[in-house]
Amino acid sequence: MNQLEDMRLFVAVVDGGSFTAAAEALGLSKQFVSRRLMGLEARLGVRLLNRSTRRLAVTPLGLLYCERARQILDDVEAAEQAILQLRATPRGTLRLSAPMSFGTLHLGRLLPGFLERYPEVAVELDLSDRRVDLLEEGYDMAVRIGELADSTLIARALAPQQMATCASPAYLARRGVPQTPAELREHDCLLYGHGKGVEWTYWRDGRPERVGVRGRYRVNNGELVRDAALAGLGLAWLPTFIVGPQLATGALLPVLEAFQGPPTKVYAVYPQHRQASALVRAFTDYLHEALSR
């Protein structure tokens with residue numbers, strides 16, 4: 001490394017015509033440049049420069065050394081650029097974790113385009129609503145939705161998403177439309193996940209309000225909750241990335257819209273050591289571009 005630096009210093013002196021010009025170009029002191037080149041001449045056992053009070057003159061051996069040094073430095077630069085170019089081209093295997101419903105509804109249609117764009121990339125996708133430990137379990141990145149827990153992971157917002165309370169027109173005609181979150185206690189609610197109590201979150205006067213709900217149907221899959229709502233079994237509380245199309249067509253009708261909280265986001269998260277990965281960066285950019293549409 002010292003030899004390469006000495007070559008760079010010597011070439012800069014020859015190009016600049018003086019120690020002062022080389023030092024200014026490299027952001028170094030004139031004394032440092034002079035001392036290093038004296039050390040270079042001592043190591044080689046030859047004089048590369050003839051010094052006088054008025055100017056520097058390059059010796060014949062100095063000219064030969066400068067020519068070879070330029071060639072070596074150009075080769076080093078070319079090698080570094082080749083490696084940087086390879087790093088900039090996505091390749092390898094991306095181990096990705098994502099929530100089940102988001103994966104089946106969105107990633108399933110988006111991944112073929114990504115793989116077509118980058119033919120040297122492979123993807124291993126794990127769909128689970130369990131929050132995996134990216135570092136412990138060896139994932140390159142994950143898609144996460146909603147509030148993020150504090151961690152050392154890097155997060156990039158991909159798209160907004162909103163929770164929606166909704167039901168089929170038939171259910172609302174039969175049971176009535178709830179006007180406040182408290183009225184949900186009088187309704188059949190479709191429950192996501194397992195456990196004893198289920199709470200849905202609404203907002204009143206800028207503050208969250210959690211309402212305990214009950215129902216006869218519980219499942220740990222958002223799409224099945226949506227299907228139950230379409231069948232008229234009750235009210236569902238689901239993200240719009242699951243029920244957006246049904247809300248748009250009127251197959252499901254929104255209720256309690258005045259109590260919906262601020263939108264949350266869909267995020268790509270990845271460990272800090274994967275920040276420079278061309279593959280992680282390319283897939284994150286791809287998702288952001290696709291979901292923004």
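Note that this is a predicted model, so its numbers are computed, not measured. Just the heavy atoms: all of them, side chains too, but no hydrogens, waters or symmetry mates, feed the values below.
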**OP:** Quick one: closest heavy-atom pair of Gln272 and Thr152, and the distance?
**Re:** NE2-O, 3.0 Å

**OP:** Check whether any side-chain heavy atom of Ile154 sits under 4.5 Å from a side-chain heavy atom of Val269, and report yes or no.
**Re:** no

Original post:
Does Glu41 use its side chain to pair, donor to acceptor, with the backbone of Leu49 at less than 3.5 Å?
Top reply: yes

Original post:
Which atom pair, heavy atoms only, marks the closest approach of Ser18 to Ala21?
Top reply: OG-N, 3.0 Å

**OP:** Kindly give the heavy-atom pair with the smallest separation between Leu172 and Pro178, and that separation in Å.
**Re:** CD2-CD, 4.4 Å

Original post:
Hey, is Asp15 close enough to Arg70 for a salt bridge, meaning N to O under 4.0 Å?
Top reply: yes

**OP:** Would you mind reporting whether Leu279 and Asp140 have side-chain heavy atoms less than 4.5 Å apart?
**Re:** no

Original post:
Side-chain heavy atoms under 4.5 angstrom apart, residues restricted to Ile, Leu, Val, Met, Phe, Trp, Tyr: same cluster for Leu9 and Leu64?
Top reply: no

Original post:
How are the rings of Phe241 and Phe102 set relative to one another: parallel (under 30°), tilted (30 to 60°) or perpendicular (over 60°)?
Top reply: perpendicular

**OP:** Could you give me the CA-CA distance, side-chain angles and deciding distance for Gln161 and Thr264, then say whether side-chain hydrogen bond (donor to acceptor under 3.5 Å, both in side chains) is met?
**Re:** CA-CA 5 Å; Gln161 74 92 24; Thr264 57; 2.6 Å; yes

Subject >> For Gly212 against Arg185, the heavy-atom pair lying closest together >> reply: O-CG, 3.8 Å

Subject >> Same apolar cluster (I L V M F W Y, side chains within < 4.5 Å links), Val76/Leu73 >> reply: yes

Original post:
Roughly how far, to the nearest 0.5 Å, is the CE atom of Met141 from the CG atom of Leu94?
Top reply: 6.5 Å

Original post:
Hey, what do you get for CZ (Arg214) to NE2 (His187), rounding to the nearest 0.5 Å?
Top reply: 12.5 Å

Subject >> Worked check of side chain to side chain contact (heavy atoms under 4.5 Å, CB included) between Val225 and Leu191 >> reply: CA-CA 7 Å; Val225 172; Leu191 310 179; over 6 Å; no

Original post:
Heavy-atom distance under 4.5 Å between the side chains of Phe19 and Leu56, does that happen here?
Top reply: yes

Subject >> Intermediate values then yes/no, side chain to side chain contact (heavy atoms under 4.5 Å, CB included), Arg130 and Val132 >> reply: CA-CA 6 Å; Arg130 177 180 67 89; Val132 303; 3.4 Å; yes

**OP:** Answer yes or no: is there a donor N or O on one side and an acceptor on the other, between the side chain of Thr104 and the main chain of Ser101, under 3.5 Å?
**Re:** yes

Original post:
Does any non-hydrogen side-chain atom of Leu158 lie less than 4.5 Å from one of Tyr267?
Top reply: no

Subject >> Pairwise side-chain contact, Leu253 with Cys166, heavy-atom cut-off 4.5 Å (strictly under) >> reply: no

Original post:
How far does CG of Leu224 sit from CG of Leu190, to the nearest 0.5 angstrom?
Top reply: 11.0 Å

Subject >> Closest approach of Val143 to Pro99 (non-hydrogen atoms, all atoms of both residues) >> reply: O-CD, 3.1 Å

**OP:** For the pair Met38 and Arg35, evaluate side chain to side chain contact (heavy atoms under 4.5 Å, CB included) and give the outcome as yes or no after the intermediate values.
**Re:** CA-CA 5 Å; Met38 288 176 63; Arg35 188 167 63 251; 5.7 Å; no

Original post:
Do Glu137 side-chain atoms and Asp133 backbone N/O form a donor-acceptor pair below 3.5 Å?
Top reply: yes

Subject >> Separation of Met7 CE from Leu40 CG (nearest 0.5 Å) >> reply: 8.5 Å

Subject >> Set of residues satisfying ring pair (Phe, Tyr, Trp, His ring centres under 6.0 Å) with respect to Tyr270, sequence neighbours excluded >> reply: none

Subject >> Contact list for residues 274-293, test ring pair (Phe, Tyr, Trp, His ring centres under 6.0 Å), sequence neighbours left out >> reply: Phe114-Phe283, Phe114-Tyr286

Subject >> Linked, directly or transitively: Leu63 and Leu44 (ILVMFWY side chains, under 4.5 Å) >> reply: yes

Subject >> Flag if over 12 foreign heavy atoms under 6.0 Å of CZ, Arg43 >> reply: yes

Original post:
Can you find a heavy atom in the side chain of Asp126 that is under 4.5 Å from one in the side chain of Met100?
Top reply: no

Subject >> Lys30 backbone acceptor or donor facing Ser34 side chain under 3.5 Å >> reply: no

Original post:
Same hydrophobic cluster for Val11 and Val46, using side-chain heavy-atom links shorter than 4.5 Å among ILVMFWY?
Top reply: yes

**OP:** Kindly work out whether a path of hydrophobic side-chain contacts (I/L/V/M/F/W/Y, heavy atoms less than 4.5 Å apart) joins Val177 to Trp200.
**Re:** yes

Original post:
Quick one: CE on Met163 to CD1 on Ile145, what's the gap to the nearest 0.5 Å?
Top reply: 10.0 Å

Original post:
Once the angle between the rings of Tyr202 and Trp237 is folded into 0 to 90°, is it parallel (under 30°), tilted (30 to 60°) or perpendicular (over 60°)?
Top reply: tilted

Subject >> Flag, side chain of Thr59 to backbone of Arg47, donor-acceptor distance under 3.5 Å >> reply: yes

Subject >> Nearest-0.5 Å distance, OG1 of residue Thr240 to CD of residue Gln260 >> reply: 9.5 Å

**OP:** Just do the side chain to side chain contact (heavy atoms under 4.5 Å, CB included) check on Glu289 and Leu110 with the steps written out, would you?
**Re:** CA-CA 11 Å; Glu289 172 191 335; Leu110 295 178; over 6 Å; no

Original post:
Just wondering, are more than 12 heavy atoms of other shown residues or ligands nearer than 6.0 Å to CZ in Arg207?
Top reply: no

Original post:
Is the shortest heavy-atom distance from the side chain of Glu209 to the side chain of Thr201 under 4.5 Å?
Top reply: no

Original post:
Would you say Arg131 has more than 12 foreign heavy atoms packed within less than 6.0 Å of its CZ?
Top reply: yes

**OP:** Quick one: closest heavy-atom pair of Ala167 and Gly234, and the distance?
**Re:** CB-O, 3.7 Å

Subject >> Note: Asp188-Arg174 ion pair, threshold 4.0 Å (strictly below) >> reply: no

Original post:
Would a 4.5 Å heavy-atom cut-off, applied to side chains only, mark His106 and Ile242 as touching?
Top reply: no

